[in-house]
2 protein chains.
Amino acid sequence: MEPIARRKTTKEIVYDQLKRSILSGELEPNETMTETSLAESLHISRTPVREAVGDLTKEGLLIQIPRKGFKVRRIDEDDMEQILYLRISIEMRSVKMLVDHITDEELEKLDALVDEQKVAIQNNDRIRYIELDQMLHRHLLKLSNQNILEQILQELYNLTRLIGHAAISKEGRMEEVIQEHRDIINALRERDEEKAADLMRHHLLTTASSVKKQREQLKNNNGNSDSIGGL
Amino acid sequence: MEPIARRKTTKEIVYDQLKRSILSGELEPNETMTETSLAESLHISRTPVREAVGDLTKEGLLIQIPRKGFKVRRIDEDDMEQILYLRISIEMRSVKMLVDHITDEELEKLDALVDEQKVAIQNNDRIRYIELDQMLHRHLLKLSNQNILEQILQELYNLTRLIGHAAISKEGRMEEVIQEHRDIINALRERDEEKAADLMRHHLLTTASSVKKQREQLKNNNGNSDSIGGL
DNA sequence: CTCACTTATACTGTATACATAATACAGTGC
DNA sequence: GCACTGTATTATGTATACAGTATAAGTGAG
């Protein structure tokens, strides 16, 4: 029999829910909350809330302000660039390492992820699109068997998403991403190490510059940059 | 006025103490503890212990085994290599960025750190030597104003130290390190970006290979690799 | 009306108590 | 002697209660 999935702890539920709210942009960096208030609104005790908030703070998604509570972290251009730099380092390495021993089966699984991503676009399901994007990038690390880098990438990826959904969805960009993903996978299929790594770098750079442009535009359109989790 | 250093919370004390024990090698990866037992031995409640342990687990220094407790994480060659790779990425970037705007004053402060490190060697104070090493590397990140990379480096550095003290202190290596540090600082002084970055890479690679050799030797000398937190 | 000082409020940190669930162990039946 | 089952133990997860302290609110004197 399949092992039964153990039921989630309250802390985990709070953690997941809070993280979703943060990453989806539902929770904005200006509003502050307290452990007590959040616990009350969820009708649970402070303990699991406190732990979940602590974890998210350690991950850099929240910041705690002494005596005031906590709120969503704000990411600036500088942070963005550092994150991008590291992601490029990590992900170029990951595809390079994969070239030699990735199997056809695994390549097909990657294809499947991209296919699903395409469906998500057609359904206009941005949440799912991003989720799949994350799965794809993460999966490459998992396949290349680099647990430590995988963990760090995970952190970086989450921070990336603090930029906000609005900034990600520049018109037509999602379709481009699909193509870039396909290109990377194909380069892996051709066992072309340099090409795969270059395409990955290109993909990340392009995404970043697209996000940057979109951000600037949003910033100009409404003076209040806060409303989209801006600069 | 300088802000008064607020007195440490119990959690922080536990965190620091536990971390010290882990990084100094005092606590070995075979012995397991529980929240309850640790709390009792410290004569405090489980709450701060639980939080400290949770944090250290998130940092990758401890691993929790369901229903059994927790213990110090074991680092293998693969992990080591990933850590090294990322450290090189981060620290090469940091010196490159520094070249342009580091001041003479800051350079002197770096010199001072190396001087102090030399003293530590003369006093045969390994703990202090390592502490200063960490301060130096971290300081470079701080000076280059890269908060996110600084935080990641901090995590990586801690993981590095899980290798254990014995492995670090290969005969004569500490003196070499001093020289390598000086070389890097001098390259910064000469505003030679490429040289500084190369020396940094060299420094990290050399350290890693030295550690690796030392580890293998220790492993051969006593069949029980556990005793030095080995492979 | 303003400033200093007191009082109140509320947020966090810690202790404690309890619930739940998994493991170890012992006892019983075969 | 072995397997199964029920019980005890123990580790974690969660709730609750309490203490300390920083900020805010309020109050009174000048």
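Order of the sequence lines fixes the chain letters, A, B, ..., with proteins taken first and strands second; residue numbering starts at 1 for each chain. Just so it is clear, the model here is predicted, and its values are computed rather than measured.
- Using a 4.0 Å heavy-atom cutoff across all strands shown, A:Thr36 reaches at least one base atom of the nucleic acid.
- B:Gln17 contributes no side-chain N or O that, together with a main-chain N or O of B:Val14, makes up a donor-acceptor pair within less than 3.5 Å.
- Applying the salt bridge (charged side-chain N to carboxylate O under 4.0 Å, His left out) definition to pairs two or more places apart or across chains, those involving residues 81-90 of chain A are A:Glu81-B:Arg93, A:Arg87-A:Glu91.
- When the side-chain hydrogen bond (donor to acceptor under 3.5 Å, both in side chains) test is applied to A:Thr47, no partner is found at least two apart in sequence or on another chain.
- Between the axis at the start and the axis at the end of the helix from C:dC1-D:dG30 to C:dC30-D:dG1 there is an angle of 10°, using five pairs per end and rounding to 10 degrees.
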Given B:Tyr157 and B:Asp133, is the side-chain contact (heavy atoms from CB on, under 4.5 Å) satisfied, shown in steps?
-> CA-CA 10 Å; B:Tyr157 197 97; B:Asp133 186 72; 2.5 Å; yes
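- A salt bridge does not link A:Asp79 with A:Arg74: none of the charged nitrogens is closer than 4.0 Å to a carboxylate oxygen.
- Whole-Å rounding puts the B:Lys68 NZ to C:dT23 C1' distance at 6 Å.
- Contacts with DNA chain D (heavy atom under 4.0 Å) in residues 13-20 of chain A: none are found.
- Between C:dT12, C:dT14, C:dA21, one nucleotide has an atom nearer to the side chain of B:Arg67 than all others, and that is C:dA21.
- Contact annotation for B:Thr9: backbone-only contact, meaning every heavy-atom pair under 4.0 Å involves sugar-phosphate atoms and none involves a base.
- Partners of A:Thr57 according to the side-chain hydrogen bond (donor to acceptor under 3.5 Å, both in side chains) rule, which considers only residues two or more places apart in sequence or in another chain, do not exist here.
- Residues A:Lys71 and A:Glu31 are not paired through a salt bridge, judged by the lack of any N-O separation under 4.0 Å between the basic side chain and the carboxylate.
- Listed by first and then second residue, the side chain to side chain donor-acceptor pair (under 3.5 Å) pairs that reach into residues 60-70 of chain A come to none, sequence neighbours excluded.
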For residues 112-121 of chain A, tabulate all N or O donor-acceptor pairs below 3.5 Å that involve a side-chain atom, not counting sequence neighbours.
from, atom 1, to, atom 2, distance (Å)
A:Asp115, OD1, A:Arg182, NH1, 3.4
A:Asp115, OD1, A:Arg182, NH2, 3.1
A:Glu116, OE2, A:Arg128, NH2, 2.4
A:Gln117, OE1, A:His181, ND1, 3.1
A:Gln117, NE2, A:Tyr129, O, 3.4

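- Bracketed by its first and final contacts, the part of DNA chain D lying under 4.0 Å from non-hydrogen atoms of chain A reaches from D:dG13 to D:dA24 in 5' to 3' order.
- The side-chain hydrogen bond (donor to acceptor under 3.5 Å, both in side chains) check on A:Ser144 picks up A:Gln146, with sequence neighbours excluded.
- Salt bridge present: A:Glu59 and B:Lys58 bring a charged side-chain N and a carboxylate O closer than 4.0 Å.
- The side-chain hydrogen bond (donor to acceptor under 3.5 Å, both in side chains) search around B:Thr9 returns B:Glu12, not counting sequence neighbours.
- Residues meeting the side-chain contact (heavy atoms from CB on, under 4.5 Å) test with B:Lys109, sequence neighbours left out: B:His139.
- Of the residues in residues 44-63 of chain B, those placing a heavy atom less than 4.0 Å from an atom of DNA chain D are B:Arg46, B:Arg50, in numerical order.
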